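Taking it in order: structure first as structure tokens, then the write-up.
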Amino acid sequence: MRWLLLLALSLTLNAEFRAGVARVKITPQTPVWLMGFGARTHPAAEVGLDLYAKALAIDDSAGGRVVVVTADLIGFTERSTTEVVRRVMARHGLRRDQVVFLASHTHSGPAVLDRMTISQGEGPAFDREAETYTVGLIDQLDQLIAAALDKLEPVTISSGWTEAGFAFNRRTEQLAVIRPGETFPAPVDHRVPVLRLKRKDGRDFALLFGYACHPTVLTGDTYEVSGDYPGYAQASVEEALPGVTAMFIPLSAGDQRATPRGSRVLAQKHGKSLAEAAMSAKLTLLTGKLQTAMEEIRLPFASHTKEAYEAEALSSDRFAARRGKAMLAAMAAKKMPLDTAYPIQAIRIGAISILALPGEVVVDYALHFKAKYGSRVIVAGYANFLPGYIPTLRLQREGGYEAGDAMMYFMQPGWFTDQVESLVLNGSTRALKSVGLLPSGSTSGSRGSLSPNRVR
Ligand SMILES: [Zn+2]
């Protein structure tokens with residue numbers, strides 16, 4: 001009997017992973033207003049590259065389960081993911097922390113309501129177009145998750161890191177204008193995390209890879225629906241490895257941009273170089289449990305006066321005027337947003353964990369977790385919904401677009417308070433601890449873990 005118990009325990013510890021994948025084309029009807037560049041003056045009539053949403057379901061045969069949904073979209077919205085999760089939780093018995101949505105942040109895709117309307121498109125026709133797309137997307141994502149969960153098969157999962165060099169810190173340009181003569185740090189994170197899933201017969205099943213860089217290789221003067229460099233990277237992988245599903249994980253790209261950029265040829269070139277890096281990464285087989293956790297915190301906004309919004313409402317900048325008017329209306333209705341929800345997710349697959357953070361997370365966060373956890377944590381941004389930019393105190397002190405000025409494009413009241421960095425770091429640390437992960441060199445609390453592959 002004891003022998004049987006030990007056998008059962010060891011089977012649990014060396015859990016077999018099973019996985020299922022599914023995809024759905026989410027290319028909008030053209031002509032369509034593309035989201036991300038306020039300067040675009042008309043809808044796009046052509047499709048450069050089809051957009052996809054993809055779902056990967058993994059379970060560990062010991063009760064651990066996760067569904068990772070990726071999409072060639074500028075961002076998911078709270079409305080879209082909340083509704084999809086409500087449906088799939090009821091039907092599949094999933095917990096909220098077992099489903100994560102990651103948007104590539106392409107600036108050449110459609111609007112997803114109810115916040116993502118960063119374009120000059122407005123009025124009843126635009127609203128109908130965006131509403132129709134969002135309602136359809138919710139149904140598609142619902143069916144996509146069901147399809148991935150429907151056909152789980154045994155897989156092995158390996159992970160590793162490689163590099164790609166085309167991202168640079170875009171803040172240098174604006175800081176030279178707003179604070180001339182001063183010098184500032186311009187950190188980048190060129191690391192490319194890779195998760196590779198193979199079928200029992202050795203054939204490729206899925207390849208997940210991430211990068212910290214804005215998908216703005218196609219700029220505001222291009223008018224074609226496209227997944228930008230992440231779309232081309234996924235297409236390159238799927239062309240090179242028949243039968244594989246390639247999925248892009250957006251990382252801490254808030255202040256990162258590709259160079260050179262400005263054409264479809266360059267989007268293809270960066271995509272191909274990223275795909276080649278991901279396919280050639282040296283990998284280590286993952287064993288152990290699949291664990292998930294969610295830490296729900298709130299990020300408070302700095303307070304702003306009615307006078308400031310009155311002045312903004314009169315601005316010649318259409319986005320400033322739109323925000324000013326919206327905030328005055330919110331104040332009048334006593335519905336002024338004081339903070340935003342900020343759910344932090346941790347997904348641990350043996351030795352590697354994905355920390356999924358909502359919003360345009362700046363690269364400082366990736367470098368912080370790299371210093372604290374080494375290569376054990378993949379810091380994903382653009383997760384679940386897009387509340388705005390997530391700066392660090394360093395950026396808030398420097399000022400500028402990512403520090404808080406860009407929040408008007410997200411219809412948020414303004415900058416976050418200077419607590420944002422510590423709130424995000426502390427919440428993340430708690431989420432990682434919930435899946436059994438402690439900072440390097442830390443010993444307290446890690447004793448007694450049943451994980452067979454405690455990582456160094
Ligand atoms: Zn962005």
Side-chain angles (χ1 to χ4, degrees), residues 33-40 51 70-78 80 101-112 115-121 166-175 186-189 210-222 225-231 248-259 261-262 267 270 299 319 323 340 342 356-366 379-392 395-396 398-412 414-416 420 424:
W33 280 95
L34 303 179
M35 288 305 111
F37 290 108
R40 282 195 180 115
L51 309 184
T70 63
D72 303 311
L73 287 172
I74 190 157
F76 289 102
T77 58
E78 208 167 0
S80 58
F101 298 86
L102 302 168
S104 76
H105 198 48
T106 176
H107 282 42
S108 298
V112 182
R115 275 249 172 80
M116 295 308 300
T117 55
I118 307 169
S119 86
Q120 293 185 30
F166 61 87
F168 86 109
N169 193 306
R170 70 182 191 187
R171 285 177 55 78
T172 47
E173 290 170 4
Q174 55 162 313
L175 287 169
V188 297
D189 183 9
Y211 198 48
C213 181
H214 258 68
T216 51
V217 181
L218 297 176
T219 46
D221 51 8
T222 50
V225 173
S226 176
D228 206 284
Y229 83 81
F248 177 76
I249 303 175
L251 305 184
S252 307
D255 48 356
Q256 306 292 303
R257 169 187 289 167
T259 185
R261 67 184 192 132
H270 293 318
L299 302 180
F319 297 106
R323 197 261 300 270
T340 175
Y342 198 75
L357 302 172
E360 304 224 32
V361 178
V362 299
V363 79
D364 289 12
Y365 287 98
V379 183
Y382 306 90
N384 295 308
F385 66 101
L386 208 41
Y389 278 85
I390 309 299
T392 52
L395 268 76
Q396 289 179 316
E398 290 174 357
Y401 189 82
E402 298 86 357
D405 290 354
M407 294 303 266
M408 69 179 176
Y409 298 104
F410 299 85
M411 293 295 274
Q412 299 285 30
W415 286 40
F416 286 120
V420 62
V424 172

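Remember, it's 1-based here, ligands and their atoms both numbered in the order they're listed. Remember, predicted model here, so these are calculated numbers, not experimental data.
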- Task: Could you tell me which N, O or S atom of His105 is nearest to the Zn ion (ligand 1)?
- Result: NE2

- Task: Check all N, O or S atoms of Glu360 and name the one closest to the Zn ion (ligand 1).
- Result: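 Restricting Glu360 to its N, O and S atoms, the minimum distance to the Zn ion (ligand 1) goes to OE1.
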
- Task: Examine all N, O or S atoms of His107, backbone included, and report whether one is under 2.8 Å from the Zn ion (ligand 1).
- Result: no

- May I ask you to decide if the ring planes of Tyr389 and His214 are parallel, tilted or perpendicular, using 30° and 60° as cut-offs?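 The arrangement is parallel - the two ring planes meet at less than 30°.
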
- Assign the ring pair Phe166 / Tyr211 to parallel, tilted or perpendicular, where the plane angle (0 to 90°) is split at 30° and 60°. tilted

- Criterion side chain to side chain contact (heavy atoms under 4.5 Å, CB included) against Glu402, the qualifying member of Arg170, Glu360, Gln396: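 The passing option is Arg170.
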
- Query: If you take all heavy atoms of Phe76 and Asn384, which pair is closest and at what distance?
  - Reply: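 Heavy atoms only, the tightest pair is CB-O, 3.4 Å.
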
